Participant: 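One structure is given below, represented as structure tokens, and several questions about it will come after.
For ligands, and for the atoms within them, numbers begin at 1 and follow the listed sequence. Here the structure is a predicted model, which means the values were calculated and not measured.
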Amino acid sequence: MDKKTKALIIEDEIKLARFVELELKHEGYDVVVANNGRKGLELFESEKPDIILLDLMLPGLSGIEVCRRIRKESDVPIIMTTAKGEVMDKVLGLDNGADDYITKPFAIEEVLARMRVALKHRKTSVSTNSSLLTVKNLSLDLSKRTVRLDNNSIELTKREFDLLAYLIKNKNIVISREQILNKVWGYDYFGETNVVDVYIRYLRTKIDDKFGVKFIHTIRGVGYYVKDDED
Ligand code: CA
């Protein structure tokens, strides 16, 4: 038999959480429940759920914040539950990486249906465009656009990410500023080539300096490269 799908419910209304828990168990899910955001994050780390039902209005750490933190590490499906009328909050939830939202009060059948959709959707998107670039202990997930160094996630802007991805795709090869401009900024870029140096500095600040490592090397007058571990 297949391993059961594990759902994490993060909901501060105890009765509602209990009700959803029982319904999901009845449907064959493994269920873990947290009654606040912090506990929710803990259970997310320790239990590695396959899907998360996340209440927006939580005491302490808000649902949005919980969503944002989980999204930095994982593409697990997240369905936010919001009280009626919190329209702006719904938009905020989706902006912060939730897959879907359901307005309370909800019918449990609707929750189950949305969960099936989110799980199915996630399965297909993972199998079609999961792609990982690595150099030493640094890894870039091109589909999720996330960067990790060991267990630390690193936040990069779009341009920084594209630059780092380009360097890693060509690791151990020295790339000139012009090549970088061409590939990362596009041929229609008319600015100075020193914009590359500026962005290399940003990357070094966020990765090399912050973690005391050396990924990006300079060949003076020629360009830059990322060196893989060769010893
Ligand atoms: Ca609540």
Participant: What residues, two or more places apart in sequence or in another chain, satisfy side chain to side chain contact (heavy atoms under 4.5 Å, CB included) together with E45?
Facilitator: E73
Participant: Under 3.0 Å from the Ca ion (ligand 1), how many protein N, O or S atoms can be found?
Facilitator: 3
Participant: Under a 4.0 Å threshold between the charged nitrogen and the carboxylate oxygen, would R38 count as salt-bridged to E42?
Facilitator: no
Participant: Tell me if the NE2 atom of H217 is crowded by more than 12 foreign heavy atoms within 6.0 Å.
Facilitator: yes
Participant: If we only count heavy atoms from C-beta on, is the I52 to I70 side-chain gap below 4.5 Å?
Facilitator: yes
Participant: In the structure I gave you, are the side-chain heavy atoms of E160 and I207 within less than 4.5 Å of one another anywhere?
Facilitator: no
Participant: Measure the shortest side-chain to side-chain distance between N172 and K227 over non-hydrogen atoms and say whether it is less than 4.5 angstrom.
Facilitator: yes
